[in-house]
Amino acid sequence: MSARINPSILSADFANFERDFNSISNADLIHVDVMDNHFVPNLTFGLPMVTRMQQITPKPLDVHLMIDDVDRWAAGYAETGAYSVTFHAEASDNPVALARKLRAIGARAGVAIKPGTAVEGFLDDLAEFDQLLVMTVEPGFGGQSLIEETLNKVSAARRRINTEKLDVWLQVDGGIDESNIERVAIAGADTFVAGSAVFKAQDRAKQIENLRNLAESGIKHRH
Ligand code: DX5
Ligand code: ZN
């Protein structure tokens, strides 16, 4: 199993996305944080920007919706052609129905849970999703420290994915850097979002490579 490194452009220069996308050309996917100032106390961008981003990069977009009322809005992001659309379970009345809708449009469907949301309620339905995103910080801002307790949820989800041999990506987002990515991989993640750890590096491509090597070493040493 290989590790995916998805740089979060929340830490990019919002006036120079094209230049910054070019600096991460060895990324697996580009993680795009959509925030509405309601679900989280921060505001980024919406549909027109996500549409435009796809025209300036050949990379698949990993859209992370931190917005309310996803049952109404998430489909629009899938309709832009985004490769993957992840919505928060806390913002949906029916996550399974919404995932089915996203898949029918042609996107990979992801469900995200905040640090305070238990994972147990989602384990029986994992096959309905292409990705489970376990938030390792409170969503809203880059540059926070990883909340250790969230890794128990990563391990619980990994056990279920392996037992049932599911094809579900297990993503972590928040506070991931070179000091912890290996043990987060050991805990069970295979898809890693990194914002500040990538964008503050002198050589971003080299940092992505470094993070991927550490993650793959962690995956290899899982017990
Ligand atoms: C936070 C966002 C993250 C953020 C991560 O709510 O979902 O994607 O960019 O940033 P770092 O890697 O700096 O914690
Ligand atoms: Zn994110």
Side-chain angles (χ1 to χ4, degrees), residues 3-14 17 20-21 23-24 27-46 49-50 53 59-68 70 73-74 77 82-91 107-117 129-151 153-154 169-185 187 189-202 204 207-208 210-212 214-215:
R4 287 169 215 94
I5 305 295
N6 301 357
S8 164
I9 56 156
L10 188 61
S11 293
D13 179 348
F14 277 27
F17 280 131
D20 276 4
F21 283 10
S23 73
I24 55 168
D28 290 282
L29 295 92
I30 295 181
H31 184 84
V32 175
D33 288 301
V34 174
M35 302 183 182
D36 66 352
N37 233 350
H38 290 269
F39 184 75
V40 289
N42 196 2
L43 181 66
T44 55
F45 37 70
M49 289 286 284
V50 173
M53 284 176 193
K59 293 276 170 197
L61 297 192
D62 173 37
V63 177
H64 176 195
L65 299 176
M66 281 161 280
I67 62 175
D68 273 338
V70 280
W73 300 113
Y77 290 86
Y83 181 80
S84 175
V85 176
T86 298
F87 60 87
H88 271 267
E90 301 88 355
R108 289 176 59 90
V111 66
I113 52 172
K114 298 205 281 185
T117 301
F129 303 98
D130 299 296
Q131 169 162 281
L132 171 66
L133 165 52
V134 175
M135 287 302 298
T136 39
V137 299
E138 284 300 336
F141 299 92
Q144 306 179 74
S145 306
L146 179 135
I147 301 168
E148 291 294 330
E149 295 73 40
T150 59
L151 298 183
K153 297 194 280 183
V154 173
W169 294 1
L170 182 45
Q171 184 173 71
V172 285
D173 181 7
I176 303 296
D177 63 20
E178 60 276 19
S179 77
N180 57 31
I181 192 167
E182 191 168 6
R183 64 189 172 80
V184 177
D190 57 23
T191 304
F192 304 83
V193 177
S196 43
V198 167
F199 281 96
K200 72 171 176 357
Q202 281 286 18
R204 293 169 184 168
Q207 174 71 328
I208 290 168
N210 179 32
L211 291 169
R212 192 183 285 116
L214 289 165

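Starting from 1, each residue takes its place in the sequence as its number. Read the numbers this way: they start at 1 and go in the same order the structure lists the ligands and their atoms.
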Quiz item: Would you say the side chains of Gln131 and Thr191 form a donor-acceptor pair under 3.5 Å?
Solution: no

Self-check item: Subset of ligand 1 atoms that lie under 4.0 Å from at least one heavy atom of Pro139
Solution: 6 (O)

Quiz item: Roughly how far apart are Phe192 CZ and Ile5 CD1, rounded to 0.5 Å?
Solution: 6.0 Å

Quiz item: For Gly143 and ligand 1, does the shortest N/O to N/O distance drop below 3.5 Å?
Solution: yes

Quiz item: What angle, in degrees and rounded to 10°, do you get at the Zn ion (ligand 2) when you join it to OD1 of Asp33 and to ND1 of His64?
Solution: 90°

Quiz item: Looking only at atom types and distance, does a side-chain atom of Asp130 sit under 3.5 Å from a main-chain N or O of Ala109, one as donor and one as acceptor?
Solution: yes

Quiz prompt | Backbone or side-chain N or O of His64 under 3.5 Å from ligand 1 N or O | solution = yes

Practice problem: State, without any angle test, whether Asp33 and His31 hold a side-chain donor-acceptor pair at a distance under 3.5 Å. | Solution: yes

Quiz prompt | Gap between atom CD of Gln171 and atom CZ of Arg4 - 0.5 Å precision | solution = 9.5 Å

Self-check item: Under 4.0 Å to a heavy atom of Ser8 - the qualifying atoms of ligand 1, by number
Solution: 4 (C), 8 (O), 9 (O)

Quiz item: Which residue supplies the protein heavy atom nearest to atom 1 (C) of ligand 1, what is that atom called, and how far is it?
Solution: Phe141 O, 3.6 Å

Exercise. With Ile181 as reference, evaluate Asn210, Leu211, Leu146 under the side-chain contact (heavy atoms from CB on, under 4.5 Å) test and give the passing residue.
Key: Leu211

Practice problem: Any atoms of ligand 1 less than 4.0 Å from a non-hydrogen atom of His31? List them with their elements. | Solution: 8 (O)

Self-check item: Atoms in ligand 1 with a heavy atom of Val193 nearer than 4.0 Å
Solution: 8 (O)

Quiz item: With a 4.5 Å limit on heavy-atom distance, are the side chains of Glu90 and Ile113 in contact?
Solution: yes

Quiz item: What is the closest protein heavy atom to atom 3 (C) of ligand 1, and at what distance does it sit?
Solution: Asp173 OD1, 2.9 Å

Exercise. Say whether Gly175, considering both its backbone and side-chain N or O atoms, lies within less than 3.5 Å of an N or O atom on ligand 1.
Key: yes

Practice problem: Check whether any heavy atom of Ala197 sits under 4.0 Å from an atom of ligand 1. | Solution: no

Self-check item: Residue Met66 vicinity, atoms of ligand 1 by number, heavy atom under 4.0 Å
Solution: 6 (O), 7 (O)

Quiz item: What's the shortest distance from atom 13 (O) of ligand 1 to any protein heavy atom, and which residue and atom give it?
Solution: Ser196 OG, 2.5 Å

Exercise. Can you measure from CD (Glu182) to CD (Glu178) and round to the nearest 0.5 angstrom?
Key: 12.0 Å

Quiz item: Does the side chain of Lys114 come within less than 4.5 Å of Phe39's, by heavy atoms?
Solution: yes

Practice problem: Nearest 0.5 Å please: distance from the CD1 atom of Ile24 over to the CD atom of Gln207. | Solution: 12.5 Å

Quiz prompt | Nearest non-hydrogen protein atom, atom 12 (O) of ligand 1 | solution = Gly195 N, 2.7 Å

Practice problem: State the OG1-CD1 distance between Thr136 and Ile176, to the nearest 0.5 angstrom. | Solution: 4.0 Å

Quiz item: Which single N/O/S atom of Asp173 lies at minimum distance from the Zn ion (ligand 2)?
Solution: OD2

Quiz item: Roughly how far, to the nearest 0.5 Å, is the CG atom of Leu10 from the CZ atom of Phe45?
Solution: 7.5 Å

Self-check item: Per-atom contacts, ligand 1 versus Gly174 - under 4.0 Å to a heavy atom
Solution: 14 (O)

Exercise. Give the residue and atom name of whichever protein heavy atom lies nearest to atom 10 (O) of ligand 1, and the separation in Å to one decimal.
Key: Gly142 CA, 3.5 Å

Quiz item: Would you say Asp33 touches ligand 1, if touching means a heavy atom closer than 4.0 Å?
Solution: yes

Practice problem: With heavy atoms only and a cut-off of under 4.0 Å, state how Ala194 meets ligand 1: side chain, backbone, both or neither. | Solution: backbone

Quiz prompt | Element-labelled atoms of ligand 1 that are located less than 4.0 Å from some non-hydrogen atom of Gly140 | solution = 1 (C), 6 (O)

